[in-house]
Chemist: 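Encoded as structure tokens, here's the structure I'll be asking about.
As the structure lists them, so they are numbered: ligands from 1, and atoms in each ligand from 1.
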Amino acid sequence: MNEQRAYLNALREENERFAASHGRQRLAYTRTYGCQQNENDTERIRGMLEASGFGFTDDERNADLVIYNTCAVRENAEQRVLGRLGLLKPIKAERPGMIIGVCGCMVQQEHITEKIKRVHNHVDLVFGTHALYRMPKLLYEAMRSQKTVTDIENSDGEIAEDIPTKRESKYQAWVSVMFGCNNFCSYCVVPYVRGRERSRLPEDITAEIKRLAADGCTEISLLGQNVNSYGKDLDTEVDFADLLRMVNGIDGVKRIRFMTSHPKDLSDRLIDAMAECDKFCRQLHLPFQAGNDRVLKQMNRGYTKAEYLDKIRRVKERIPDIFLSTDVIVGFPTETNEEFEDTLDVLRQVRFDHIFSFIYSRREGTPAAKLDFVLSDSEIHRNFNRLLEVQNAISKSKNEEYVGRIEEVLVEGVSPRDDTVLSGRCASSKIVNFKGDKSLIGKYVRVKITQAMTWSLNGEQAE
Ligand code: SAH
Ligand code: SF4
């Protein structure tokens, strides 16, 4: 980071010269695709940009610098980025000096970076997930070069601490505890684009959270592709259960969440810590992906349907009112209609509060990409719609259990449709909308739940 700091300063001087001669600040536009890890990475990108003297704009057409932080998990996220890059070409033609950067998981794949250079030669800067902290140097070079500056080197195993961060919210923060994934599920590109698991040191994580708490942040979400393997690569004995207890002890923190956990590594030690930590938000995201044992094996998930259901049973036993969510893939190439019934069966048995469902997307370089499909597109879509139908009814009925309860809601902002309506989350993470004054944003408010919708709850301020 020391070398990068020198580049931050050089960029800042250059941006100051620009501001003096043009009578305005250079503006950056960022756009994030994909998961919370990417959101968190964009916060770091914005932190570095702010430290190097950029202002920000919400309109690409006013931007001097555009950065897309991309996702590679499914093809449609990639198509969207490529489409937008095409749209930027005429905008750049009218804005000499505009810099276009593409970073993140998608460009960590060599074939995509080659394609961008071939088809979108108006892109100035391409850097992968491992090069994030080197952005100041790369940007400095891109501002001087006629060619596309590219850095998609693989990780050297180190974690860059102390990257400046500009957070979206003052009250809630994503805190990465580890990077990468070792699981190699057969359909998934993440291990290839994010590299092997690397845990941050517990003292670095707690120091960051203490700083956040001192700044008024009360809700912390611990992030990792598979938080249950936290610490396995460190020389210390600390595991994720210990880390959760450490964070629970930090003054000023009121709520702790985490994601994602892998079912195969969800230990009783962690379930105990979840049950015993008073600030833990009684919420668990535990992706099961598919219900059929043959499919799970071919997905390389490392558990059976019965083992998954048993873990859920243990969690519910210790924490009866826990909010459960999951990820499901429909249309894994060899999954038959009959095997898909097992996925529906898991939904009915567990009764998740919320699910994230995806149609399988073929990812180049993964083992599943070589498999032939047994179902047609229309059969897969029919199964997907059945899944939504089954789950929507469950989500609604789980929401109905909240009607009449008083919930403590951390107010996040106003509703996008009506600015007299506030929107926030209760401890279990359900979205709650209620009428109230904007001054309540960032505060905890007691709300009486009056109505259950499929995706959210409505209520009124209690007392
Ligand atoms: N590490 C997390 C998830 C990371 S990716 C975990 O294992 O739970 C987020 C979700 O995207 C996955 O849980 C999976 O449901 C989905 N996903 C991953 N690869 C996919 C693919 N090739 N096609 C469709 N969905 C996919
Ligand atoms: Fe992908 Fe599996 Fe790793 Fe999750 S655990 S990121 S699905 S390989």
Side-chain angles (χ1 to χ4, degrees), residues 33-41 70-79 104-106 108-109 112 129 174 176-199 221-230 232-233 240 257-266 283-291 295-303 308 311-312 324-335 340 343 346-347 352 354-371 373 375 377 380-381 383-384 387-388 391:
Y33 296 83
C35 65
Q36 285 81 8
Q37 182 73 65
N38 265 14
E39 298 282 351
N40 190 224
D41 283 348
T70 62
C71 171
V73 169
R74 281 168 294 276
E75 193 186 355
N76 63 356
E78 294 187 343
Q79 293 303 345
C105 293
M106 177 176 159
Q108 194 66 50
Q109 309 168 95
I112 296 278
T129 55
W174 305 109
S176 296
V177 302
M178 60 187 301
F179 303 96
C181 178
N182 290 356
N183 287 320
F184 289 94
C185 301
S186 66
Y187 50 82
C188 183
V189 79
V190 170
Y192 305 91
V193 295
R194 287 270 176 192
R196 294 297 69 69
E197 287 173 0
R198 298 161 322 275
S199 303
S221 299
L222 304 172
L223 271 188
Q225 290 300 344
N226 177 15
V227 292
N228 304 6
S229 10
Y230 173 79
K232 285 188 182 156
D233 57 318
F240 189 66
R257 308 183 191 278
F258 64 80
M259 68 186 306
T260 297
S261 348
H262 195 299
K264 77 175 163 44
D265 306 313
L266 181 71
Q283 172 205 1
L284 179 65
H285 181 64
L286 197 65
F288 75 93
Q289 315 294 3
V295 176
L296 283 170
K297 193 163 192 325
Q298 203 168 33
M299 285 180 161
N300 193 28
R301 288 292 289 179
Y303 53 85
Y308 181 84
K311 297 251 166 153
I312 292 283
L324 290 169
S325 59
T326 197
D327 291 348
V328 185
I329 296 178
V330 179
F332 184 75
T334 61
E335 185 181 60
F340 171 71
T343 294
V346 172
L347 293 189
F352 295 97
H354 188 72
I355 68 166
F356 298 89
S357 44
F358 308 105
I359 290 188
Y360 169 81
S361 169
R362 190 183 163 278
R363 304 287 64 211
E364 195 166 316
T366 60
K370 298 195 190 79
L371 300 172
F373 282 89
L375 298 185
D377 268 5
I380 290 172
H381 278 91
N383 286 345
F384 188 73
L387 180 96
L388 296 185
Q391 181 55 37

Chemist: For ligand 1, is any non-hydrogen atom under 4.0 Å from I359's backbone (N, CA, C, O), its side chain (CB onward), both, or neither?
Modeler: backbone

Chemist: Give a yes or no answer on whether the side chain of N228 reaches the backbone of S261 with a donor-acceptor pair at less than 3.5 Å.
Modeler: no

Chemist: Give the numbers and elements of all ligand 1 atoms closer than 4.0 Å to a heavy atom of V73.
Modeler: 11 (O), 17 (N), 18 (C), 19 (N), 20 (C), 21 (C), 22 (N), 26 (C)

Chemist: Would you please say whether a donor-acceptor pair under 3.5 Å links the side chains of T70 and E78?
Modeler: no

Chemist: Heavy-atom contacts under 4.0 Å between R301 and ligand 1: side chain, backbone, both, or neither?
Modeler: side chain

Chemist: May I ask you to list the atoms of ligand 2 that are less than 4.0 angstrom from any heavy atom of Q225?
Modeler: 6 (S)

Chemist: Tell me which part of S361 gets within contact of ligand 1: side chain, backbone, both or neither, using heavy atoms under 4.0 Å.
Modeler: both

Chemist: Any chance the side chains of K232 and N182 put a donor and an acceptor closer than 3.5 Å?
Modeler: no

Chemist: Where on P191 is there a heavy atom closer than 4.0 Å to ligand 2, on the side chain, on the backbone, on both, or on neither?
Modeler: side chain

Chemist: Side chains of F352 and V346: closer than 4.5 Å at any heavy-atom pair?
Modeler: yes

Chemist: What is the nearest protein non-hydrogen atom to atom 1 (Fe) of ligand 2, stated with its residue, atom name and distance?
Modeler: C188 SG, 2.3 Å

Chemist: Kindly compute the distance separating CD (Q391) from OG (S357), expressed to the nearest 0.5 Å.
Modeler: 8.5 Å

Chemist: Taking C-beta and beyond as the side chain, do M178 and Q225 meet within less than 4.5 Å on heavy atoms?
Modeler: no

Chemist: Taking non-hydrogen atoms only, is F358 closer than 4.0 angstrom to ligand 1 via side chain, backbone, both or neither?
Modeler: side chain

Chemist: Please determine which of T260, L266, T326 meets the side chain to side chain contact (heavy atoms under 4.5 Å, CB included) test together with L284.
Modeler: L266

Chemist: When you check the side-chain N and O atoms of Q298 and T334, is any donor under 3.5 Å from an acceptor?
Modeler: yes

Chemist: Of the protein's non-hydrogen atoms, which lies at the shortest distance from atom 3 (Fe) of ligand 2, and what is that distance?
Modeler: C181 SG, 2.2 Å

Chemist: Looking at the rings of F358 and F384, which for Trp means the six-membered one, are their centres under 6.0 Å apart?
Modeler: no

Chemist: In ligand 2, which numbered atoms sit nearer than 4.0 Å to a non-hydrogen atom of H262?
Modeler: 5 (S)

Chemist: Nearest 0.5 Å, please: how far is OH in Y187 from CE in M299?
Modeler: 5.5 Å

Chemist: For atom 5 (S) of ligand 2, what is the closest protein heavy atom, and at what distance to 0.1 Å?
Modeler: N183 ND2, 3.3 Å

Chemist: One residue to check: R74. Relative to ligand 1, which of side chain, backbone, both or neither has a non-hydrogen atom less than 4.0 Å away?
Modeler: side chain

Chemist: Does a donor on one side chain and an acceptor on the other come within less than 3.5 Å for S186 and N300?
Modeler: no

Chemist: Would you please determine whether N226 falls within less than 4.0 Å of ligand 1 on a heavy-atom basis?
Modeler: no

Chemist: Can you sort out which atoms of ligand 1 are near Y360, meaning under 4.0 Å from one of its heavy atoms?
Modeler: 23 (N), 24 (C)

Chemist: Which atoms of ligand 2 have any heavy atom of F184 under 4.0 Å away?
Modeler: 8 (S)

Chemist: Kindly identify the option in H285, Q225, M259 whose heavy atom sits closest to atom 2 (C) of ligand 1.
Modeler: Q225

Chemist: Quick one: pull up CD1 in I380 and CD1 in I329 and give me the separation to the nearest 0.5 Å.
Modeler: 12.0 Å

Chemist: Is T260 touching ligand 1 with its side chain, its backbone, both, or neither, if touching means heavy atoms under 4.0 Å apart?
Modeler: side chain

Chemist: Are any of the N/O atoms in Y187 less than 3.5 Å from those in ligand 1?
Modeler: yes

Chemist: Could you grab the distance from atom NE2 of H285 to atom CD1 of I355, nearest 0.5 Å is fine?
Modeler: 10.5 Å

Chemist: So which protein heavy atom does atom 8 (S) of ligand 2 come closest to, and at what separation?
Modeler: C185 N, 3.3 Å

Chemist: Look only at interatomic distance and state if D327 has a nitrogen or oxygen under 3.5 Å from any nitrogen or oxygen of ligand 1.
Modeler: yes

Chemist: For residues F258 and Y230, establish whether the separation of their ring centroids is below 6.0 Å.
Modeler: no

Chemist: In this structure, does ligand 2 have an atom that sits under 4.0 Å from one of the heavy atoms of R301?
Modeler: yes

Chemist: Which is it for R363 and ligand 1 at heavy atoms under 4.0 Å: side chain, backbone, both or neither?
Modeler: side chain

Chemist: Could you identify the single nearest non-hydrogen protein atom to atom 7 (S) of ligand 2 and state the distance to 0.1 Å?
Modeler: Y187 OH, 3.4 Å

Chemist: Please identify which atoms of ligand 1 are closer than 4.0 Å to at least one heavy atom of P287.
Modeler: 8 (O)

Chemist: Quick one: pull up CZ in F240 and CG in D265 and give me the separation to the nearest 0.5 Å.
Modeler: 12.5 Å

Chemist: Side chain, backbone, both or neither: which part of Q289 comes within less than 4.0 Å of ligand 1 when only heavy atoms are counted?
Modeler: side chain

